[in-house]
Amino acid sequence: MVSLIEMPETLSPQLPRQSEGTPPTPEPGSTIQIDDVDFEYGSLRVLHDVTVEIPPRAVTAFIGPSGCGKTTLLRCINRMNDLIDNARITSGAIRIDGVDINASDVDVVDLRRRVGMVFQKSNPFPKSIYENISYGLRIAGVTRRAQIDEAVEKSLRAAALWEEVKDRLEANAFGLSGGQQQRLCIARALAVEPEIVLMDEPCSALDPIATAKVEELIYQLKTQYTIVIVTHNMQQAGRCSDHTAFFYLGRVIEFGATSKIFSNPGERQTEDYITGRFG
Amino acid sequence: MIAQRHILGTFDEALASLRNNVLMMAGLTESAFERAIRGLLDRDDDLCANAIADDEEIDQLEKQIDKDGIDLLLRFQPVASDLRRVVSAMKLSPNIERVADQATTVARRARKLNRHPALPETELIEPLYALAMSMFKDAIDAYTREDVPQAMAIIPRDEELDEENATLQKQLIDRMGQDPDQLRGYLNLIFIARCMERVGDHATNIAEDAVYAAAAEDIRHQPQTAVDER
């Protein structure tokens, strides 16, 4: 399961194109309003009345035991679940800056450009580093080489990878280390200038150094993007995020400032989970 | 007061051991103080010597609590109430150690007083001791039971102790003027009274840390009205 950038076959020819020579203007991070969302896989309801308002230009962490629905909700935000048969939101709405993303007139391809995604396991294309980054731009209709070069450098710098790869942009991306591949995937997501970046356990396969680099990157990126991260690592949620939502059995038990959740949670279930008393 | 067991039994054991050491330290401090005061009131140098000797074990426990606390933070990275329990244990132990230091000071000054004829004003120390020690014991009790109202109730008692200390100091200064030959003796009593006042300050600190541990509220450095309104 991959996002727009990893799934060229899903791209629509109607994708709004940037006019040549005009760099896309990044919009400030967007607010994600999730209202009373129920979600079902077939007849199995996995989200119940989920209501969360994810603020812009901040990192929001989704935590909770396996199967609690946090990844399902994350994937609802860029409609990745549309790719799964019989998986659907059965009531409620998700709005980005006030617009219902499931409305019939919303272009899902454009939505996925605005809402980038990074996965648990890095998944670069079997192409060069340069092509990995430029792919999304070319698909979006950007053809001017200078503009693409500029965007590749900008994205790699934003992902704190430029200094490590600038002399081997034509090398195959598979030659990078695991941590570099993950940052390449982040750079690839940033290249199309999204407003929101969704991260599904982005560091779970990385060593501590690579994890620290990605966490530092998340800290840098939040000044421009709205970031939602799913993590099983409590310390990571505590370090990286500004807001935390605790999920349990498909419900949001508690949502609030991370400093509050990890020092004095309001709900007993949250306390028991984060202190390791059930899971 | 930890309701449910941690998935990691070793964490529960480490935290229980940390808290037990705090309680053991408090218990030893209480007995050291009792010995020091009895040494003063009963003019018993052996009790004073015992009180001074007790301080060594209390100092070692303080270091052990720091070591175990850091080890626990490193190994388990606790959060929420677990984190507060570890931090508060580490914050309590220096306050308890300083209370034990006051017991040592009382014992040393008592030995000096015991070399001279008894001063009748020595008995005036006892009510001050009773007030200070009840604050200390209640603070430790509030910490152990995570009892916020009990901890909060200790804070205003410090003012009462300060007032009683000020009154006694004035009385002793007056006596110094009336009987200059006993000046050293009265000076020792003044210092002993001040030790009681210090115990009250440390008991207040412990009570504040107990509130933080139980309710995640920092009530330090607030006007009394704000604490009352809580």
Side-chain angles (χ1 to χ4, degrees), chain A residues 59-68 70 201 203-204 206-209 211-212 215 229-249 252-279, chain B residues 1-19 68-92 142-143 145-149 151-152 207-220 222 227 230:
Chain A
V59 180
T60 298
F62 289 174
I63 62 169
S66 296
C68 67
K70 53 193 187 302
E201 297 188 57
C203 302
S204 63
L206 303 184
D207 69 27
I209 301 293
T211 296
E215 287 184 8
I229 178 169
V230 165
T231 179
H232 277 127
N233 182 330
M234 295 296 102
Q235 283 71 38
Q236 181 171 66
R239 282 193 301 267
C240 290
S241 68
D242 304 291
H243 308 278
T244 297
F246 168 58
F247 290 72
Y248 187 55
L249 299 177
V252 174
I253 304 298
E254 189 167 355
F255 176 62
T258 297
S259 56
K260 170 83 166 59
I261 298 277
F262 281 94
S263 62
N264 187 27
E267 299 296 328
R268 183 59 196 248
Q269 282 175 310
T270 314
E271 170 99 22
D272 285 348
Y273 178 72
I274 63 171
T275 59
R277 289 188 164 76
F278 83 83
Chain B
M1 295 295 286
I2 302 167
Q4 209 177 332
R5 287 191 62 77
H6 199 284
I7 292 167
L8 292 171
T10 46
F11 175 80
D12 278 344
E13 284 167 22
L15 185 58
S17 164
L18 186 75
R19 287 166 67 85
D68 291 349
I70 286 172
D71 187 49
L72 219 149
L73 293 172
L74 273 173
R75 286 171 62 206
F76 300 103
Q77 295 108 44
V79 294
S81 58
D82 287 341
L83 176 63
R84 297 199 306 275
R85 285 182 180 114
V86 176
V87 170
S88 60
M90 294 176 74
K91 288 182 77 184
L92 244 66
Y143 162 76
R145 299 195 296 113
E146 300 191 343
D147 185 334
V148 173
M152 299 291 283
E208 289 167 346
D209 288 337
V211 171
Y212 174 72
E217 276 189 55
D218 187 350
I219 59 163
R220 296 171 303 165
Q222 286 183 14
V227 176
R230 183 190 171 273

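Naming: A, B, ... by sequence-line order, numbering from 1 per chain. Remember, it's a predicted structure, so these values are computed and weren't measured experimentally.
- Counting all heavy atoms, side chain and backbone alike, A/Gln235 lies closest to B/Gln77 at NE2-O, 3.2 Å.
- Closest heavy-atom contact between A/Arg277 and B/Asp82: NH1-OD2, 2.8 Å.
- If you measure heavy-atom distances from A/Ser263 to chain B, the contacts under 4.5 Å come from the backbone alone.
- Taking CG from A/Asn264 and CD from B/Glu217, the interatomic distance works out to 8.0 Å, rounded to the nearest 0.5 Å.
- Rounding to the nearest 0.5 Å gives a distance of 13.5 Å between CG of A/Asp272 and CZ of B/Arg5.
- In terms of heavy-atom pairs under 4.5 angstrom with chain A, the leader among B/Pro78, B/Ala216, B/Ala80 is B/Ala80.
- The environment of CG in B/Leu74 is crowded: more than 12 heavy-atom neighbours from other residues, nucleotides or ligands sit within 6.0 Å.
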